[in-house]
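Worksheet: one structure, shown below.
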Protein chains: 2
Amino acid sequence: MPPSLQKELKKRGPFDSVEQEAMLALMRTTDLLENRLARLFRDYGLTLTQYNVLRILRGEGKPMPCLEIAERMIQVAPAITRVVDQLLKLELITKTQSSSDRRVFEIELTPAAAKLLKRMDQPVLDLHASLLKSVNKSDLRTMIRTLGVVRSGVQG
Amino acid sequence: MPPSLQKELKKRGPFDSVEQEAMLALMRTTDLLENRLARLFRDYGLTLTQYNVLRILRGEGKPMPCLEIAERMIQVAPAITRVVDQLLKLELITKTQSSSDRRVFEIELTPAAAKLLKRMDQPVLDLHASLLKSVNKSDLRTMIRTLGVVRSGVQG
DNA sequence: TGCCGAAAGTTTACATATAAACTATTTGGC
DNA sequence: GCCAAATAGTTTATATGTAAACTTTCGGCA
């Protein structure tokens with residue numbers, strides 16, 4: 001059935017579907033939040049990606065191969081290679097070839113990095129809280145649950 | 001029950017706060033969704049950003065200055081300059097200097113772009129629906145509302 | 001009229017993401 | 001033991017995002 005002329009001329013609604021609206025809301029909101037986080041990290045001389053790598057290393061508590069870091073970042077390998085190079089230059093990590101498997105390079109935090117992370121902990125927590133202060137914790141948990149459902153639906 | 005983000009990321013300790021968990025859930029989920037969208041657009045020879053610019057132009061229905069496009073993308077001017085150049089090369093837009101204000105360049109869709117967009121409409125709608133099929137519409141609306149609260153809280 | 005600040009875009013520099021091709025090393029079969 | 005496939009990581013190419021400096025043009029105001 002051809003669409004009526006009236007419908008064709010009717011101004012396009014803001015969204016074609018709830019799903020599309022949700023998608024745009026997610027993208028815009030996340031972009032906004034990431035910008036604010038990046039701004040804080042810049043005050044400490046780090047980018048968001050660099051900080052994430054350091055956080056992962058601290059969470060692990062021992063040396064990690066590059067690709068294992070990449071996996072946890074949900075990133076592709078080449079991105080990690082570059083970040084590792086930068087962090088090396090900043091002397092926030094060390095990179096040593098594994099003796100048991102010489103394809104592997106073990107990445108480890110330096111004491112300077114541990115100190116830097118510790119100094120950033122409270123400001124980061126505060127910023128997280130501040131950015132989401134307008135939403136009560138119950139609604140946050142609901143959103144976290146919904147986002148989990150989205151991810152499991154996409155991956156499956 | 002959806003897998004917890006904590007487990008997905010193999011993080012050892014608990015999250016430091018609900019806010020942090022929400023932040024990570026948002027970033028990871030959005031990243032996943034954007035990747036899938038980008039994959040579809042690539043099939044049509046477009047990047048996500050290029051598609052968004054074309055969508056905005058179609059939504060407006062008449063020529064637009066560069067910076068007005070940038071505003072709607074929540075982007076910075078230089079990014080638009082580049083994507084406009086690319087779309088020009090693809091002959092999907094035209095760029096003409098305004099006669100009333102010669103600082104301004106009016107960007108307009110070509111017929112080829114309109115045709116391309118029309119061809120993409122249904123696949124894009126379908127993908128949106130497919131990516132979010134695991135969440136019922138009521139939960140989606142709740143999430144959209146929560147995300148709106150987040151944005152208003154951050155900007156204010 | 002002429003100057004000065006603001007606005008529209010561009011350019012440059014740097015950080016990052018993805019894909020694809022490549023190197024080096026290990027491992028599994030035969 | 002040797003060769004093929006798999007794995008860890010790098011390199012290159014293209015796209016994007018942000019910041020900062022710069023150009024051209026417009027408009028207000030003395």
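Heavy-atom basis, side chains included; hydrogens, waters and symmetry copies ignored. First the proteins, then the strands, lettered A, B, ... as listed; each starts at 1. As the structure is a computational prediction, the values presented were derived from the model and not from experiment.
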Any B:Lys95 side-chain N or O less than 4.0 Å from OP1/OP2 of C:dA8: no
Measure the distance from [atom1] on [X] to [atom2] on [N] and round it to the nearest whole Å.
| X | N | atom1 | atom2 | answer |
| --- | --- | --- | --- | --- |
| A:Asp101 | D:dA6 | CG | P | 17 Å |
| A:Gln97 | C:dT23 | CD | P | 18 Å |
| B:Glu106 | D:dT25 | CD | P | 16 Å |
| B:Arg103 | D:dT23 | CZ | C1' | 12 Å |
| A:Ile93 | D:dG9 | CD1 | C1' | 14 Å |
| A:Leu67 | D:dT7 | CG | P | 11 Å |
| B:Ile107 | C:dA8 | CD1 | C1' | 12 Å |
| A:Asn52 | C:dA15 | CG | C1' | 14 Å |

Are any side-chain N or O atoms of [X] and backbone N or O atoms of [Y], one a donor and one an acceptor, separated by less than 3.5 Å?
| X | Y | answer |
| --- | --- | --- |
| B:Gln50 | B:Thr47 | yes |
| B:Thr29 | A:Arg151 | no |
| A:Glu108 | A:Thr94 | no |
| B:Ser130 | B:Asp126 | no |

Worksheet item: Counting heavy atoms not belonging to A:Glu91, are there more than 12 under 6.0 Å from its CD?
Response: no
| So does A:Arg28 have more than 12 non-hydrogen atoms from other groups sitting under 6.0 Å from CZ? | no
B:Arg102 has its side chain closest, among D:dC26, C:dG9, C:dT25, to D:dC26
Protein heavy-atom contacts under 4.0 Å, written 5' to 3' over nucleotides 14-21 of chain D as B (base), S (sugar-phosphate only) or - (none), form the string -SBBBBB-
